[in-house]
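Working notes, beginning with the structure itself.
Values reported hereafter were calculated over all heavy atoms of this structure, with side chains retained and with hydrogens, waters and symmetry mates removed. For clarity, every value in this text was computed on a predicted model and none was experimentally measured.
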Amino acid sequence: MPRKLAAVLVAVAFVSGCGEEPGFTATLTDPVNVDLSWPDDDPEAAGRIVEYTTDPHGEYTILRFVPPRQTTFRHPDLMPETRFYYRIRPFYGAVSDAVTVSGPATPAASGPVVPLRAGDRSAAPASFRAEPAPEEMVRFSWADRSSDEDGFLVEIKKPGTDEFVPIEVSDPGTTSAGLATMPGEEGASYRLRAFYYGPASPVLDLVSGKDG
């Protein structure tokens, strides 16, 4: 659908003491597309969570878990003439060994579960396995070795690529997940991260334009 270009509007977080990510920006690049950007300034982060809401007092919706070196994200095809609120959060955690579909499970860890936030690598999920399932699905299973995770992230490295990227999130305390495979993922490697959230950035808000 053709769209008129509008003047670029930029929201920038300069508020001190409101959280991390002081260079976080949101730009309305045309009436119904917002480009978010932030600095790559936390070498310990496993990535960032991009979130939005249209109710400043309501719950935020996760748009994407992005890998650690990614510093931009586009929120496309917005509802016209609506105020959107954005924030980002880093996430951290310990990751399992990588496996392929039907690959061998990693050895199970022994002993009690340990706190993930203490930085103990033994908090990484153990016995992670990826198995084929009906209807072009992959079924993942693992042993939960952390006592305080906010959730688990399945990460994929497609053939011909260099890095793992998050593709599926599961609730804390779970030990299995399912995922539909997509074209180009044949022979991919998977790994699982037990993760926890870092502090949220200041909130940015802007109003989308008219579509047409």
Between [atom1] on residue [X] and [atom2] on residue [Y], distance to nearest 0.5 Å:
X: Leu192; Y: Ser141; atom1: CG; atom2: OG; value: 10.0 Å
X: Leu206; Y: Thr82; atom1: CG; atom2: OG1; value: 11.0 Å
X: Arg64; Y: Glu51; atom1: CZ; atom2: CD; value: 13.5 Å
X: Glu155; Y: Ser96; atom1: CD; atom2: OG; value: 8.5 Å
X: Ser208; Y: Glu81; atom1: OG; atom2: CD; value: 7.0 Å

- prompt: Between Ile167 and Leu179, is a side chain to side chain contact (heavy atoms under 4.5 Å, CB included) present by the stated rule, with each step listed?
  reply: CA-CA 9 Å; Ile167 55 169; Leu179 185 68; 3.0 Å; yes

Beyond-backbone contact of [X] with [Y], side-chain heavy atoms, under 4.5 angstrom:
X: Glu185; Y: Ile156; value: yes
X: Tyr85; Y: Leu204; value: no
X: Arg87; Y: Ser201; value: yes
X: Ser176; Y: Arg139; value: yes
X: Val34; Y: Leu78; value: yes

message: Which residue is it: Val66, Val50, Val203, Leu63? I am looking for the one with a side chain to side chain contact (heavy atoms under 4.5 Å, CB included) to Ile88.
response: Val50

Check this for me: [X], atom [atom1], are more than 12 non-hydrogen atoms of other residues, nucleotides or ligands nearer than 6.0 Å?
X: Glu135; atom1: CD; answer: no
X: Met182; atom1: CE; answer: no
X: Glu131; atom1: CD; answer: yes
X: Arg117; atom1: CZ; answer: yes

Taking [Y]'s backbone N and O only, do any of them form a donor-acceptor pair with [X]'s side chain (distance below 3.5 Å, no angle check)?
X: Asn33; Y: Leu28; answer: no
X: Thr53; Y: Gly58; answer: no
X: Glu186; Y: Gly184; answer: yes
X: Thr72; Y: Leu36; answer: no
X: Ser189; Y: Lys157; answer: no
X: Arg145; Y: Pro125; answer: no
X: Glu149; Y: Gly173; answer: yes

Mind listing the closest non-hydrogen atom pair of [X] and [Y] along with its distance?
X: Arg48; Y: Pro68; value: NH1-O, 4.2 Å
X: Ala94; Y: Ala123; value: CB-C, 4.2 Å
X: Thr174; Y: Ser170; value: OG1-CB, 3.5 Å
X: Leu116; Y: Ser146; value: CB-CB, 4.1 Å
X: Pro67; Y: Val165; value: CG-CG1, 3.8 Å
X: Pro90; Y: Ala45; value: CB-CB, 4.1 Å

query: Can the positive tip of Arg191 be found less than 6.0 Å from the middle of the six-membered ring of Phe164, inside 45° of the ring normal?
result: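 Checked: cation-pi criterion met.
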
task: Kindly give the cluster partners of Leu153, where membership spreads through any ILVMFWY side chain lying under 4.5 Å from a current member.
output: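 Members alongside Leu153: Ile49, Ile62, Phe65, Phe91, Val169, Phe195, Tyr197.
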
query: Would Trp142 and Phe152 count as a close aromatic pair, with their ring centres under 6.0 Å?
result: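 Here the rings of Phe152 and Trp142 have centres that are less than 6.0 Å from each other.
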
message: Assess, by modelled atom type and distance only, whether the side chains of Ser37 and Thr71 contain a donor and an acceptor separated by less than 3.5 Å.
response: no

query: Would Tyr60 and Asp55 count as having a side-chain donor-acceptor pair, cut-off 3.5 Å?
result: no

field: Phe140: partners by ring pair (Phe, Tyr, Trp, His ring centres under 6.0 Å), with sequence neighbours left out
entry: Phe128, Tyr190

- request: Please work out whether the ring planes of His75 and Tyr86 are parallel, tilted or perpendicular, with thresholds of 30° and 60°.
  value: perpendicular

- request: Identify whether Val99 and Val95 are in the same connected component of the hydrophobic contact network (ILVMFWY, side-chain heavy atoms under 4.5 Å).
  value: no

- prompt: Could you give all pairs that pass the salt bridge (Lys or Arg N to Asp or Glu O under 4.0 Å) test and reach residues 67-76, with sequence neighbours left out?
  reply: Asp35-Arg74, Asp40-Arg69

query: Could you walk me through whether Arg121 and Asp97 pass the salt bridge (Lys or Arg N to Asp or Glu O under 4.0 Å) check?
result: CA-CA 11 Å; Arg121 301 303 300 174; Asp97 292 335; over 6 Å; no

